[in-house]
Amino acid sequence: MTTMEKNHVRRSEIISRPPPPRIFVLSLFSLLIFSLSATPVSAATITVNRTSADIADDDACSLAEALINANNDAQTHDDCAAGSGDDTINLTGNVTLPDGNRLRISDTLTINGNGHTLSGPGDLLQANGVSVTDTLTLTINRLTLTNNNSTTANNGALEMWDGVTLVVNNSKFIDNSANDDSGAAIEVRSAGRNVTINNSIFSGNVAKERGGAIFSSQSGSTITISNSTFSDNESETDGGAIFVRSGVTLNISDSSFSGNEAGTSGGAIGANLGNTNLSITNSVFTENSATNVGGAISQGAPATIVRSVFYDNESNDKGGAIFSTRNLRLENSTFYDNEALNEGGALGSDDFWAQTVNIRHVTFVNNEATGTGKNGNSVFMDTNISANMYNSIIKEKSGAGGTDCAGLDTNTNNIIEDGSCSTSSTYSVNPLLGGRAGSPAYYTLRANSPAIDAANAAACSALNEAVDQRSRARPYGLLCDIGAFEWYPPPPRPPDSGDDDDDDDGEPAPTPMPGPRCGFCADLLAKGYRLRARYGLESGVQFRRVDRDGIGVQSALDAGFRDAVDVYGYAEQGVEVCFPAAGSLILLDATTSPRAPASVPGYTREGRTCAAIDRPGTLVLVDNPPAGLPILTTSVTFAAPAPVAEAVGSGYQQLHSCMVTTPGLIRFRDAPGGAPLLYTDPWGRQENGWLPGYVTLTALERTPDWFKVDYYGTRGWVSAHHVTTHGVCG
């Protein structure tokens with residue numbers, strides 16, 4: 001046989017579109033049963049060091065050759081190490097797959113992309129077990145799958161057949177297409193199997209049919225998505241980013257969906273057909289759109305949505321954010337600036353099937369049904385639906401016509417500003433909302449809001465979680481507050497500092513702030529730590545460095561102890577701690593006795609290892625956290641300090657890694673040396689040109705005498721002569 005003939009035979013091993021014929025499956029399954037008594041072999045690590053996925057006799061290991069060896073648990077191709085059990089493949093560079101080829105996986109496998117790319121135009125990965133009783137698991141780590149736009153096949157970048165469980169970690173699916181099919185990134189064809197996606201990105205994927213990024217129609221399967229981003233995905237029919245049906249369970253948490261589009265329904269998500277279950281927690285939907293219904297979500301399956309935010313979504317018919325035709329439980333969430341052409345600017349419904357919609361502690365602001373009917377600018381429920389709303393707020397949009405609410409059967413302790421849905425005069429009032437704050441964003445309440453302590457106690461007790469949208473405990477005070485936000489008193493306002501002094505910048509001398517000083521903060525900041533608190537470092541929170549002798553939890557010491565900071569005092573407001581070193585993070589939770597260790601999702605900021613927490617305890621930096629620890633869940637987030645790029649005037653220096661701390665009450669101006677800046681703080685208070693003391697702020701730019709800073713989204717200028725700088729500040 002010639003070399004060309006050998007290569008032709010080997011190439012045929014990687015081209016496999018449909019699953020194996022049934023008679024072959026049964027035969028191979030019999031061989032597997034026969035071999036069960038054999039001694040298991042250890043797993044192998046196979047390193048890919050060739051950029052082309054083809055098979056060739058060149059002493060370099062291609063991805064195709066590595067997969068064949070892993071599938072066969074043998075050294076079928078001697079360019080690569082032999083497969084042996086549950087193997088791992090490591091990429092050392094980017095890999096390109098020619099058009100017409102598809103890499104098939106038929107044995108449990110881990111692919112470590114190590115930040116590299118697997119790109120088309122060829123179809124990418126097809127994973128299928130040899131029988132429906134297999135327990136094949138495919139794990140993908142730090143891999144980018146992109147440019148799957150084959151002209152010879154129609155499927156997504158990753159196609160899962162019978163017997164496959166998929167785990168995707170820290171990976172990206174970018175600009176893939178399914179030319180005549182669904183699920184351009186992941187198409188799930190396996191019944192009763194699970195898909196788990198963590199910390200991953202899906203962007204620019206386009207499907208001819210449903211699910212621009214992900215599609216599944218296999219009953220009994222569960223798809224779990226956390227800490228992931230879906231942006232600018234498209235489908236020509238339903239589910240611009242994700243579409244599921246026929247008994248699939250879809251669980252989404254701590255994720256964002258932006259700019260996704262659907263040609264029919266569900267700009268971001270389409271979930272249809274009866275016994276499908278949809279759960280969404282602490283997620284954000286913005287600027288998604290649908291040509292028909294459900295700008296963000298078309299929900300034709302039972303759904304529970306809690307602690308989430310929907311804004312700037314749009315549909316050309318009903319449900320600017322959500323279109324519901326099945327049972328829906330909606331709690332502790334915020335909808336603002338959504339639009340529908342016809343009915344339900346935020347939430348719309350049709351009575352296709354018998355259903356119940358329960359809305360508890362939701363805030364609707366500035367939503368609109370823009371068409372001639374103008375029914376339900378925020379909420380429209382069809383007449384045959386059991387629609388119940390409790391302890392919620394509808395703030396009308398100025399200038400919008402029509403009614404804000406239509407079709408409620410139960411209207412209990414809701415503030416509906418325009419009095420629609422037969423709202424009593426007691427609750428047809430201005431809710432006196434404060435500014436927007438937080439991430440995901442929520443509307444605060446002013447201290448004199450009629451929503452405070454006005455909720456129905458039974459409806460508040462019926463919440464899935466006894467918290468508000470931020471995960472802060474309800475109630476604060478005698479009763480819960482109406483809406484998604486539970487009002488807590490702000491830190492005390494400092495006294496006025498009086499007239500300007502005679503400094504060269506014309507600024508008053510900063511006024512010392514009352515209240516507890518953060519005794520160790522200055523020392524920690526000087527040593528390269530980064531500390532932040534939601535209400536400032538002088539709001540009652542304390543930080544203190546702890547050595548290994550002060551830990552007292554052996555599992556944290558055994559994990560490779562490197563450093564620790566104890567957080568106590570008013571930590572419930574939300575705090576951020578950044579260590580000037582790399583590692584993983586454990587929290588020894590002081591709200592339990594003894595302190596319970598939990599793994600904390602960390603992140604890197606300006607070369608530091610950071611975490612945000614909402615409770616007292618000790619944050620411990622370690623080399624490797626112990627296996628099996630529970631993962632700390634919190635909705636606390638802090639905006640990144642890197643500034644948004646802006647035009648910088650002549651004589652101005654743009655800053656990228658600078659923070660400043662105010663030593664006391666200090667003037668806040670609209671320009672260097674300009675007029676006092678009028679703004680509304682996160683508690684709805686009108687401030688006339690003063691910033692509180694001892695707050696650490698991101699500095700965006702500077703002149704020799706002034707810093708431009710960001711305070712909860714309001715940008716203004718402070719004197720450079722009265723602040724302490726941290727980082728590179730020019």
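All values derive from a computational prediction rather than experimental measurement.
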### Task
Hey, could you give me each pair passing ring pair (Phe, Tyr, Trp, His ring centres under 6.0 Å) that has a residue in residues 278-304? Not counting sequence neighbours.
F257-F285, F285-F310

#### Entry: Salt bridge present between D238 and R210 (N-O < 4.0 angstrom)
yes

### Modelled atom types, side-chain donor and acceptor of S231 and S203, under 3.5 Å
yes

### Query
Is the backbone N or O of A454 less than 3.5 Å from a side-chain atom of N413, with the two atoms forming a donor-acceptor pair by type?
yes

#### Entry: Polar contact flag, side-chain donor to acceptor under 3.5 angstrom, N332-R474
yes

### Atom of S200, atom of N169 and distance for their closest heavy-atom approach
OG-C, 3.9 Å

### Task
Please answer whether the main-chain N or O of T286 pairs with a side-chain N or O of D312 as donor and acceptor at a distance below 3.5 Å.
no

### Query
Side chains of N198 and S226: donor-acceptor distance under 3.5 Å anywhere?
yes

### Query
Salt bridge or not for R307 and E465, using N-O below 4.0 Å?
yes

### Summary
Closest non-hydrogen atoms of G239 and S235, given as atom of the first, atom of the second and distance, are O-OG, 3.3 Å

### Query
Checking S392 side chain against V362 main chain: does a donor-acceptor pair fall under 3.5 Å?
yes

### Task
With side-chain hydrogen bond (donor to acceptor under 3.5 Å, both in side chains) as the test, would you mind laying out the steps for T370 and E339 before giving the verdict?
CA-CA 7 Å; T370 60; E339 289 188 1; 4.9 Å; no

### Summary
For A262 and T237 the tightest heavy-atom approach is CB-O, 3.6 Å

### Task
Quick one: do N391 and N456 satisfy side-chain hydrogen bond (donor to acceptor under 3.5 Å, both in side chains)? Show the steps, please.
CA-CA 6 Å; N391 298 342; N456 176 273; 5.2 Å; no

### Within-4.5 Å side-chain heavy-atom neighbours: I385 and T383
no

### Task
Please report the C-alpha distance between E576 and Y603 in whole Å, then the side-chain angles of each, then the deciding distance to 0.1 Å, and finally whether the side-chain hydrogen bond (donor to acceptor under 3.5 Å, both in side chains) criterion is met.
CA-CA 11 Å; E576 181 185 60; Y603 47 91; 2.6 Å; yes

### Query
Does the side chain to side chain contact (heavy atoms under 4.5 Å, CB included) test come out yes or no for L250 and L278, once each step is laid out?
CA-CA 5 Å; L250 176 60; L278 173 63; 3.6 Å; yes

### Query
Please walk me through it: do N358 and L330 pass side chain to side chain contact (heavy atoms under 4.5 Å, CB included)?
CA-CA 6 Å; N358 289 316; L330 180 61; over 6 Å; no

### Query
Hey, does the side chain of R446 reach the backbone of L433 with a donor-acceptor pair shorter than 3.5 angstrom?
yes

### Summary
Heavy-atom closest pair (R615 atom, I613 atom, distance to 0.1 Å) is O-CD1, 3.4 Å

### Between CG on residue N342 and CG on residue N292, distance to nearest 0.5 Å
9.5 Å

### Query
If you measure only the distance, is there a donor-acceptor pair under 3.5 Å linking the side chains of T356 and N388?
no

### Message
So that I know where these two stand, are Y336 and F364 an aromatic pair - ring centroids less than 6.0 Å apart?
### Response
no

### Query
When you measure from the side chain of T423 to the backbone N and O of S420, does any donor-acceptor pair fall under 3.5 Å?
yes

### Summary
Between the CG atom in L432 and the OG atom in S449, the distance rounded to the nearest 0.5 Å is 5.5 Å

### Query
Between N377 (side chain) and A369 (backbone), is there a donor-acceptor pair under 3.5 Å?
yes

### Geometric class of the Y488/Y476 ring pair [parallel <30°, tilted 30-60°, perpendicular >60°]
tilted

### Message
As an exercise, state the distance from CG of N414 to CE of M389, rounded to the nearest 0.5 Å.
### Response
4.0 Å

### Task
Please lay out, stage by stage, how I186 and F173 fare under the test side chain to side chain contact (heavy atoms under 4.5 Å, CB included).
CA-CA 9 Å; I186 299 175; F173 292 78; 4.0 Å; yes

### Message
Using modelled atom types and a 3.5 Å cut-off, is there a donor and acceptor pairing between side-chain atoms of N288 and backbone atoms of N313?
### Response
no

### Query
So does K172 have more than 12 non-hydrogen atoms from other groups sitting under 6.0 Å from NZ?
no

### Message
Before you tell me yes or no, could you show the steps for Q355 and S324 under side-chain hydrogen bond (donor to acceptor under 3.5 Å, both in side chains), namely the whole-Å CA-CA distance, both residues' side-chain angles and the distance that decides it to 0.1 Å?
### Response
CA-CA 9 Å; Q355 66 160 318; S324 175; 3.3 Å; yes

### Task
Answer yes or no: is there a donor N or O on one side and an acceptor on the other, between the side chain of S315 and the main chain of V293, under 3.5 Å?
no

## Note on the structure
Of all heavy-atom pairs linking Y390 and A459, the shortest is CB-CB, 3.6 Å

### Message
Give me the atom names and distance for the closest heavy-atom approach of A346 to N367.
### Response
CB-CG, 3.7 Å

### Query
With a 3.5 Å cut-off and no angle check, do the side chains of S333 and Q469 form a donor-acceptor pair?
no

#### Entry: Separation between CG of N464 and NE2 of H361, rounded to the nearest 0.5 Å
12.0 Å

### Query
Between the side chain of N327 and the main-chain N/O of A301, is any donor-acceptor distance below 3.5 Å?
no

### Query
Which ring pair (Phe, Tyr, Trp, His ring centres under 6.0 Å) pairs, counting each pair once, include a residue from residues 288-307, with sequence neighbours left out?
none

### Query
Does N227 offer a backbone N or O that forms a donor-acceptor pair with the side chain of S255 under 3.5 Å?
yes

### Derivation and outcome, side chain to side chain contact (heavy atoms under 4.5 Å, CB included), residues V565 and T618
CA-CA 6 Å; V565 170; T618 304; over 6 Å; no

### Task
Kindly compute the distance separating CG (L445) from CD (E486), expressed to the nearest 0.5 Å.
8.5 Å

### Task
Calculate, to the nearest 0.5 Å, the distance between atoms CD1 and CG belonging to I416 and D404 respectively.
8.0 Å

